[in-house]
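Here's the structure, in structure tokens; my notes come after.
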Amino acid sequence: FFDQYASFVGGLAALGADAIEVWNEMNIDREWPAGSIDPASYTQLLAQSYNAIKGANSGTLVISGALAPTGYFGGCSGAGCDDNLYLRGMYAAGAANYMDCLGIHYNEGILPPTSTSGDPRGSSSHYTRYYRSMMTTYRQAFNNSRPLCFTEMGYLSPEGFPPLPGGFAWAADVTVAQQAAWLDQAVSIAAGTGYVRLLIIWNIDFTEYGSDPMAGFAIIRPGGACPACDALGS
């Protein structure tokens, strides 16, 4: 369905879209068919989409699909792929020719964005734990040739909610005050790099808090307060 998808995003560009991210987290089987996860295959979709978008509206920013930050797979196969390896595969397949910006997600931090060590989880030195090392990993995978676009940037806090489900217990001690301060710091760091083109905070006001506690990432908290809004606006 690559042709149909490219036609669809081309139609969005024709309507005046400022930017389009081509797919999402295609290195895991929740977002791409298991058994066929492959950076070269995705690059084909990206190329077709880029050409359709630019043909419809040369001013629309094309962002590559941001990957799920993970070292879970210990490599890269059709069943799933660690994001650093997937990135290198995209670059080898020529993906840099079909994007204006390299998509990136950062949503598993439990330390300030200035931290480069000290994460208490296992594999504490893994690059996905730290804001700066994520940016460095992504930039280096593309030989610093493309700016970064954060299409998800967030910190999870259970404050005001029931305890987090087991798979997200790593964020149990993150407070709303920390969420606000860290987002403010992350935006300031991004603005000072010279290579971050876009940063979207994920998320604003989600209410679902179940097996995937998305409301815990929301900056508008239960009761309507938004400490992150105050921090970012000051």
Side-chain angles (χ1 to χ4, degrees), residues 1-3 5-6 9-10 13 19-55 58-109 116 123 125-153 186 189-190 193-200 202:
F1 300 99
F2 286 8
D3 290 343
Y5 180 86
V9 293
I20 296 174
E21 181 181 10
V22 179
W23 218 257
N24 171 68
E25 298 192 346
M26 53 281 182
N27 59 319
I28 57 175
D29 63 7
R30 288 197 304 272
E31 304 289 350
W32 196 271
S36 61
I37 294 171
D38 175 37
S41 176
Y42 167 73
T43 299
Q44 294 175 18
L45 174 65
L46 179 65
Q48 291 185 41
S49 299
Y50 178 89
N51 290 331
I53 291 167
K54 293 300 186 180
S58 62
T60 298
L61 187 74
V62 178
I63 306 169
S64 65
L67 301 169
T70 182
Y72 171 79
F73 299 100
C76 196
S77 72
C81 192
D82 297 341
D83 57 332
N84 60 338
L85 299 178
Y86 196 103
L87 284 167
R88 294 173 197 168
M90 286 172 57
Y91 185 76
N97 297 315
Y98 304 107
M99 66 172 75
D100 299 307
C101 200
L102 181 60
I104 180 173
H105 287 172
Y106 181 75
N107 49 29
E108 62 173 60
T116 57
S123 301
S125 63
H126 199 259
Y127 63 92
T128 62
R129 307 296 196 206
Y130 307 103
Y131 180 61
R132 289 185 182 276
S133 64
M134 276 290 291
M135 290 194 288
T136 298
T137 298
Y138 275 59
R139 286 275 290 169
Q140 289 181 347
F142 270 69
N143 285 335
N144 301 326
S145 64
R146 291 293 179 272
L148 301 181
C149 284
F150 282 90
T151 57
E152 284 187 20
M153 170 69 207
I189 291 169
T193 63
Y195 58 74
V196 175
R197 177 77 180 271
L198 172 75
L199 190 151
I200 297 173
W202 192 85

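- From Asp38, atom CG reaches atom OG of Ser77 across 10.5 Å, with rounding to the nearest 0.5 Å.
- Relative orientation of the Tyr98 and Tyr50 rings is perpendicular, given thresholds of 30° and 60° on the angle between their planes.
- The line from CD1 of Ile63 to CG of Leu46 is 11.5 Å long, rounded to the nearest 0.5 Å.
- Side-chain atoms of Ile37 and Met26, non-hydrogen and from C-beta on, never get closer than 4.5 Å to each other.
- For the atom pair OG1 of Thr151 and CD of Glu21, the computed distance is 3.5 Å after rounding to the nearest 0.5 Å.
- Between Ala66 and Ile104, the shortest heavy-atom distance links the atoms CB-N, 3.4 Å.
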Fill in: Candidate pair Tyr5 and Val22, rule side-chain contact (heavy atoms from CB on, under 4.5 Å), full reasoning
CA-CA 9 Å; Tyr5 180 86; Val22 179; 3.8 Å; yes
Item to complete: Kindly determine whether Met90 and Met99 satisfy side-chain contact (heavy atoms from CB on, under 4.5 Å), including the steps that lead there.
Response: CA-CA 11 Å; Met90 286 172 57; Met99 66 172 75; 4.1 Å; yes
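- In summary, the aromatic rings of Tyr138 and Tyr195 are positioned with their centroids too far apart to meet the 6.0 Å limit.
- Across all non-hydrogen atoms, the minimal contact from Gly103 to Ser64 is N-OG, 3.0 Å.
- Using a distance-only test at 3.5 Å, with no hydrogens or angles considered, no donor-acceptor pair links the side chain of Asn27 to the main chain of Asp82.
- Surrounding OH of Tyr72 are at most 12 heavy atoms belonging to other residues, nucleotides or ligands under 6.0 Å away.
- Rounding to the nearest 0.5 Å places CD of Glu31 at 8.5 Å from CH2 of Trp23.
- Taking both residues in full, the closest heavy atoms of Arg146 and Asp100 are given as CD-O, 4.1 Å, listed atom of the first, atom of the second, then distance.
- The two residues Ser36 and Trp32 have their closest heavy-atom pair at O-NE1, 3.1 Å.
- Under the 4.5 Å side-chain criterion, counting only non-hydrogen atoms from C-beta, Tyr131 is in contact with Met153.
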Worksheet item: side-chain contact (heavy atoms from CB on, under 4.5 Å) between Tyr91 and Gln140: does it pass, once the steps are laid out?
Response: CA-CA 10 Å; Tyr91 185 76; Gln140 289 181 347; over 6 Å; no
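- Closest non-hydrogen pair, Ser145 versus Ala96, comes out as OG-CB, 4.3 Å.
- Judged purely by distance below 3.5 Å, without hydrogens or angles, the side chains of Asp83 and Tyr127 pair a donor atom with an acceptor atom.
- In this structure, the side chain of Lys54 does not engage the main chain of Ser49 through any donor-acceptor pair within 3.5 Å.
- Between Leu61 and Cys149, the closest side-chain pair of non-hydrogen atoms falls below 4.5 Å.
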Worksheet item: How far apart are the C-alpha atoms of Phe73 and Ile28, what are their side-chain angles, what is the distance that settles it, and do they pass the side-chain contact (heavy atoms from CB on, under 4.5 Å) test?
Response: CA-CA 9 Å; Phe73 299 100; Ile28 57 175; 3.9 Å; yes
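- Taking CG of Asn107 as the reference point, atom CE of Met134 lies at 8.0 Å (rounded to 0.5 Å).
- Side-chain atoms of Leu102 and Leu87, non-hydrogen and from C-beta on, do get closer than 4.5 Å to each other.
- When all heavy atoms are compared, the tightest approach of Glu25 to Leu67 is CG-C, 3.8 Å.
- Once rounded to the nearest 0.5 Å, the distance linking OH of Tyr130 with OH of Tyr106 reads 8.5 Å.
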